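Just so it is clear, the model here is predicted, and its values are computed rather than measured. Residue numbering restarts at 1 for every chain, and letters A, B, ... go by the order of the sequence lines. What you see below is based on every heavy atom in this structure, not just the backbone, and it leaves out hydrogens, waters and symmetry mates.
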Amino acid sequence: MELATQYNPKEAEENHYQKWEENGCFTPEINENPNAETYSIVIPPPNVTGNLHMGHALQHTIMDVLIRRKRMQGYRTLWLPGTDHAGISVQRKVAEQLRTGENKTPLDIGREEFVRRAWKWKEEYGNTITEQMRREGASVDWSRHRFTMDESLSLAVRNVFCTLYEEGWIYRGLRIVNWCPNDKTVLSDLEVKEETRKDGKLYYLKYPVKQTAETRASASVPKFLTVATTRPETMLGDTAVAVSPKDERYKDLVGQTIELPLTNREIPIIADEYVDAEFGTGAVKITPAHDPNDYLVGTRHDLPQLLIMNDDATMNAEAGAEFEGLDRFVARKKVIEKFEELGLLEKVDDYEITLPICERCKTIVEPILSDQWFVKMDEMRDMALDLIKNEGVPHFSPQIPNEKVYTTWLENLKDWTISRQLWWGHQIPAWYDKDGNVFVAKTEEEAFEKAGTNELTQDQDVLDTWFSSGLWAFSTFGWNGESEPSAVADGLSSDSDISDNNLQPPTNAGGSDLSDLEEFCPTDVLVTGRDIIFLWVSRMMMLTKKFVDKKAFEDVIITGTVLGADGKPMSKSRGNGVDPIERFDKFGVDATRIYLASIATGADIRWNDTLIETYRNFANKIWNATRFCLMNSEGARVDLSTLENAESIADKWIISRLNKTAEEVNNALETYAFHIAVNKLYHFFWDDFCGWYIELVKDEISKEIEDENLNANESAKKSQTVARSRIITILEQALRLLHPFMPYLTEELWQKLPNTSSELHNSAYLNAEKTIMLCDFPKWSEKLMFETDERKMHKALAVISRVRNLRATYNIKHSKLVNVLLKFDKLHEIMPTTLSNDELVDIFKENFPQIAKLAKINKLSMINVDSGISITLQYVLDIKTLQYVLDIKTLQYSLDIPKSSAKTQIPGALVALPLEGLIDFEMERERFKAQINNLSNENEKLTKQLSNENFVTKAPAEKVEALQERVCEIETQLSALNQNLEALK
RNA sequence: GGGCAUAUACGUCAAUUGGUAGACAGCCUCCCUUACAAGGAGGAAGUUGUAGGUUCGAGUCCUUCUGUGCCCACCA
C-alpha cells in the first residue's frame, strides 16, 4: 500500500465521522459490558443562533478528549449534545427578518404567529452549530440531542416553576430592574455590561426651596438647593431631595419643601444615610421609580414612586404634557433648555461616566420600576455553599481562582429576576383573573381548576433562558417532574448485585423513562468558560441538588479565553476574530484540536498560527512514519506479544518509552493537564519514535532478503517479520494514545495497518465495526518496563549525538566516514549505580550497526581502562559473500588516542575523533576550556550545596543521592578534560 | 472603591506538592541521505518585571513597587 507523501486532512475528515455515527460508536448502547462504569458529560448548549467560535472549539476538544479516552477504556460513555433556545437572540433575529422581509413588527403579527415563525427560524437556521460540531469530530450522542424547548424539557421547566412557587421560593414583586428599551425586556444584572464614556456631563440643577414665613425669617435657609445629576430628564420623576443627616450645611433645610421646576409638584427635603456629603453638592435628587438606590431611599421614607417613561424609554404622561412622547435623550435636552431659560441651570461639568448597556444590543439600559418574577436565592445559596465548603463540590480546575470567585459570588448573592418580556421562550405558567389574582399551575386546565373560572389570562412574560439551562444537568436525562426519580431508583437495581440472568442493556425509550437519569446523572465533569460560572454553573448546581438531590457534576473545568493575535478578546468590532472553520480548512481539524488541547488548562492564550502549523507538521510526520512502516509491512501484523518478547536494547528502549508515555498521558488526563499529555505525545512520536527508533531499525526492517530457501535467510526473514510487526505494534499503540486528540488522522492510519480488526477493541466492543476509537486505551504495564535498557540505550544515543556534534564542529562532510575512539574512565568504580565498562562494551557491540550508520562511523575502537584491553569494531567486506560483515578485533593493550583528535566527554567515556590535519588546536583548547568552565561552575555549586549540612539532612534522600552522582560524573569528566587540555599544550 | 490574576529566550507559551529553567517558531552553520524539505544534523540565545524577605534551596511561598488584564460593586 502506497500513501501520498503528504497528509491530506480533508480526506480523512470526510472518511470517518459519518461511519462512526452510523455504527453507533457515539452512543452508550455500543458498550456491551453490563457492568461497565458510566462516564457522562453534558455539553454547554450553544445558542441556536450561534456559530462555532474558538471558545467552542476549545471546550469541545477537551470534552471530546475526555470522552474518547473513557470510551476506549471501556466506560459506558455519554456526551450529550443540545442547543439553547436563546430567548433574546432568536427574538431579535426573527424581528429583524420580519422588518427586512415584510416591513412588519412583531406586534403586527401577534404573539402566536411570532412564536410560530421563531420555531420555523430555529428549524431552518438552528442547525448550523450542530453541523459544525460534526466537522470538529465531536463524539456526541446525536440520538440524545436535546433542545431547551423540547416538550419534556419544557414540562420540566413548568414543574420546577410550580414547585418553587408553592414552596415560596418564587415570588412576584415591584423592583427596579435593568430595562433594555430596545429589546423591551428586563435584563438580569449579569446581562448588563458597562461602557465608559469620556464625554459625559454632570448637570447642576437649582431647585427652588419653597418660601414660607418661616424660611424667609431664617437666614440659614437658602433660596435654592442645587443637585447634581447625569440624567436630568429623570427630575420629572423626582419625589424628594435627600441630604446627609450629618451635613451641617443643610441641617435647616431638612423638612422643608422644594417647588420642583417644570412640574406643579412640591417635594420634601429629607435626610438619609445614603447621601455622601462630600460628593457633588451633597444634595441628591430622589427618583424612586428610575434608580435602584433612590428606590431604596424611597421605601425608607415612604415616598411615592413616579414612573415617567414608557417601555421604549419615551416619556409618558406623568412627565407632563410638554414631554410626553419624547425620547429620553430628547427630553434630557429639553429639560436642560428649560432650566437654562428659568435661570436654574447652575453649571454643566464634563464628567467621565460609566453607563450600563445591554450586553446584546448595546442600548443604554434604563433602570425602571416594574413588576417581575424573582427566585429567592437564600436557601439555594446555602445549599450550594454547603456543597463547596463541606464536600468540595464542584471541584474547579484550575482551582485558583475559580473556587474563590464562585464562593464569593454565592455569598453575596441577590435574588434572581427570571421574567423576560419576550415571546420566545418558556411562557411563565401563571394566570391572572380579572381582579389580578395569580394562579400558578402546570397547565391552563389546572389553572382554570384552581381559579374556578376560565376567565384567565396567562402572564405575557417568558422565563430567563438560564432558568431552563439551569435544569440542563437532569432535564436532558428525561426528568420532567412527572414521576419521582427516587421511586424509579428503587425499582432499578442500579449498582450492586446485578444477577447474571437480569442483564439487559439499558434502553432509551424516552418519555418519562428515567433510566438515563439514574445512569448518567450526576455527570462526571462540566467543561465551560469563566463567563458563565454564575449564570449557569452555580444555577445547575443548586437546581440539580434541589430537584433530583444529586450533585450536577463533581468537577468543573474552566477553560481560558482564546484571545485574538493582538491579545484582546476576539470580537467583531475589533476584527481580531479567528474562525475555527477556516483553520480547519487550512491546517486540518486534528491540528487545530491538538493545538487547543496544548494550552494549559484555564490559561488565556493569544491566537498564534505558527503553533497550529507545528501541529499540522506533526500530523504529517506521523503520516509519513506510518507510511514508512507500511512500505515495509509485508508479513507484519499488529501483535502485542512482540512488545513483551523484545530482546534488543533498542527495542526495549522504545517499548519502555512507549509504556512511560502511556503512563504520563493517563496521569495527565486524570488531572485535566491536557497540555502535558500533548507535550509527551509530541515528544514520543517526533523524537523517540521518528527521530531515533525508525532510524535505528530502518535497515533491519527494510533490507531485501532475497533467497528464502537458504536456512540462514529463512531465519533472517522470520526475525525481520517480527521486527516489522513490532514497529507496527508500537505505532498502533501510540496511535491509540493520540486518538482522543487527533481522531481523524489516527483512524485514517489505523485502518490502513495490517491485520487490524475488532479483536483489538476493548472487550466491551467486540461486536462493533472495527475502529480505533473502540480500541483499549493503552496503560502502563510492568511487563513493558525496561529501565536498565533505557539507560543503556541512552549511552548509545549519546555517542551518536557527540560524534555528530564533533562532525558539525569540524564541518566533516556527511558522506565522509570517520573513525571513533571511546576511552572508558573509572566512573563506575566511584558510582556503583552506573553501567560497568563491560556493559558499555556490550551495548556498543550490540548497537554498532546503528551507531555506525547514524554517526557515519567506519571504525569504532573502545579502550577499556580497567582491563587494559582494546576492542575495535568495523565492517569489512567479506570476499566470499561480497557482504559487509562485522569484524571484532580484541587487542591486549590500550590504544593511543592521536593528538590531533577532536574530543568530547560523555559520562563514563571520552569520545575522540582522529582528524589528521583538520584539527585547529586553538579551537580545541577553547572548546575544552569552555566545557571545563561550565562543569567547574556546576561542580562548585553542587559541592557547596552538598557540604551544607542542612541540605543533606533536610532534602529528600533521592535528591541528595542524585546530586552526589552528578558530582562524581562531573569530577571524572573534569579530570579527563584537564588531562586532554594538558595534552594539547 | 473591593476582589483576583498575570509578568519567563525577539515572539507565542511550558515548567505537576519549592529541588540543576524547557517547547515551538524565528535566527546562525550545514545537508534535497531512498518515510517526511510540512524534512534532517548541529549551534547561539533567559540575573524568570522591580526591590526586599522566608528557606539548605525560590520562576514557584510572603511583602513593596511598576506594567498588563479580569471580575464584582458603585458612580447623585
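More than 12 non-hydrogen atoms from other residues, nucleotides or ligands lie less than 6.0 angstrom from NZ of A:K193. Remark: A:E11 CD is loosely packed, at most 12 non-hydrogen atoms of other residues, nucleotides or ligands lying under 6.0 Å away. At most 12 heavy atoms of other shown residues, nucleotides or ligands fall within 6.0 angstrom of atom CD1 in A:I400.
Distance check on atom P: B:U33 versus B:G39 gives 16 Å, rounded to whole Å. If you take atom C1' in B:U8 and the same atom in B:A45, they sit 14 Å apart, rounded to whole Å. Annotation: B:A23 and B:G67 have their C1' atoms spaced 26 Å apart (nearest Å). To the nearest whole angstrom, the two P atoms, one in B:G18 and one in B:G43, are 34 Å apart. Nucleotides B:G49 and B:A14 have their P atoms positioned 14 Å apart, rounded to a whole Å. Spacing between B:A5 and B:G46 at atom P, rounded to whole Å, works out to 31 Å. One C1' atom belongs to B:G59, the other to B:A15, and the distance between them is 9 Å to the nearest Å. Comparing the P positions of B:U66 and B:A51 gives a spacing of 15 Å, expressed to the nearest Å.
As judged by a 4.0 angstrom heavy-atom cut-off over every strand, A:Y351 is placed among residues touching the sugar-phosphate backbone only. As judged by a 4.0 angstrom heavy-atom cut-off over every strand, A:H675 is placed among residues touching the sugar-phosphate backbone only. Heavy atoms of A:A242 sit nowhere under 4.0 angstrom from any nucleic acid atom. Among the atoms of the strands shown, base atoms are found under 4.0 Å from some heavy atom of A:V275. Within 4.0 Å of A:T354, counting heavy atoms only, lies at least one base atom of the nucleic acid. Nucleic acid contact for A:A625: base, since at least one base atom lies under 4.0 Å from a heavy atom of the residue. Using a 4.0 Å heavy-atom distance criterion, A:I676 is classed as making no nucleic acid contact. Using a 4.0 Å heavy-atom criterion, one finds that A:E670 contacts no nucleic acid atom at all. Counting any heavy atom pair closer than 4.0 Å across all strands shown, A:C690 reaches a base atom. Counting non-hydrogen atoms under 4.0 angstrom, A:L963 reaches nothing in the nucleic acid. Using a 4.0 Å heavy-atom cutoff across all strands shown, A:N667 reaches no nucleic acid atom at all.
Under the 4.0 Å criterion applied to side-chain N and carboxylate O atoms, A:R606 and A:D566 are not assigned as salt-bridge partners. The pair A:K903-A:E924 does not meet the salt-bridge criterion, since no charged nitrogen lies less than 4.0 angstrom from a carboxylate oxygen. With respect to A:R530 and A:D604, a salt bridge is recorded, a charged nitrogen being found less than 4.0 Å from a carboxylate O. Ionic pairing of A:E969 and A:R966 is present here: one or more N-O contacts between side-chain nitrogen and carboxylate oxygen are shorter than 4.0 angstrom. Salt bridge present: A:D349 and A:K347 bring a charged side-chain N and a carboxylate O closer than 4.0 Å. With respect to the salt-bridge test (charged N to carboxylate O, under 4.0 angstrom), the residues A:E748 and A:K752 qualify.
Rounding to whole angstrom units, OH of residue A:Y810 and P of B:C31 are separated by 19 Å. Here B:C56 presents its C1' atom at 13 Å from CG of A:L942, a figure rounded to the nearest Å. What separates CD of A:E663 from C1' of B:U16 is a distance of 13 Å, to the nearest Å. In this structure, CG of A:N608 is placed 8 Å from C1' of B:A25, rounded to the nearest angstrom. We find that CZ of A:F587 is positioned 18 Å from P of B:C24, with the value rounded to whole Å. In this structure, A:N412 atom CG and B:G1 atom C1' are separated by 15 Å, rounded to whole Å. For A:N402 and B:C71, the CG to C1' distance is 11 Å, given to the nearest whole Å. For the pair A:L681 CG and B:A23 P, the computed distance is 17 Å after rounding to whole Å.
The ring of A:F618 has its center no closer than 6.0 angstrom to the ring center of A:W623. Proximity of the aromatic rings of A:Y406 and A:F396 is defined here by a centroid distance below 6.0 angstrom, and this criterion is met.
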Between the protein and nucleotides 4-9 of chain B, are there any N/O to N/O pairs under 3.5 Å, and if so, what are the atom names and distances?
| residue | atom | partner | partner atom | Å |
| --- | --- | --- | --- | --- |
| B:C4 | OP1 | A:K404 | NZ | 3.1 |

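Base pairing of B:G42: its partner is B:C28, meeting the Watson-Crick or G-U wobble criterion (both donor-acceptor distances under 3.5 Å). When both pairing distances are held under 3.5 Å, B:A37 makes no Watson-Crick or G-U pair with any nucleotide shown. The partner of B:G67 is B:U6, by the rule that a Watson-Crick or G-U pair needs both atom distances under 3.5 Å. In this entry B:A73 has no Watson-Crick or G-U wobble partner, no candidate having both defining distances under 3.5 Å. B:G19 is paired with B:C56 under the criterion used here, namely a Watson-Crick or G-U wobble arrangement in which both key atom distances are under 3.5 Å.
Both tests hold for A:K698 against A:F628: distance to the six-membered ring centre under 6.0 Å, angle to the ring axis within 45°.
If you find the closest nucleotide of RNA chain B to A:I353 and to A:T610, the one lying nearer the 5' end belongs to A:T610. A residue-by-residue look at A:I694 and A:T229 shows that A:I694 has its nearest nucleotide of RNA chain B further toward the 5' end.
Between B:C75, B:C36, B:C71, one nucleotide has an atom nearer to the side chain of A:F534 than all others, and that is B:C71.
Under 4.0 angstrom from either OP1 or OP2 of B:C72 there lies no side-chain N or O belonging to A:Y406. Between A:K813 and B:C30 there is no side-chain N or O to OP1 or OP2 distance below 4.0 Å.
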Once each nucleotide of nucleotides 37-42 of chain B is scored for protein heavy atoms under 4.0 Å, what B/S/- sequence comes out, 5' to 3'?
-BSSSS
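Nearest heavy-atom pair across A:A271 and A:H301 is O-CE1, 3.2 Å.
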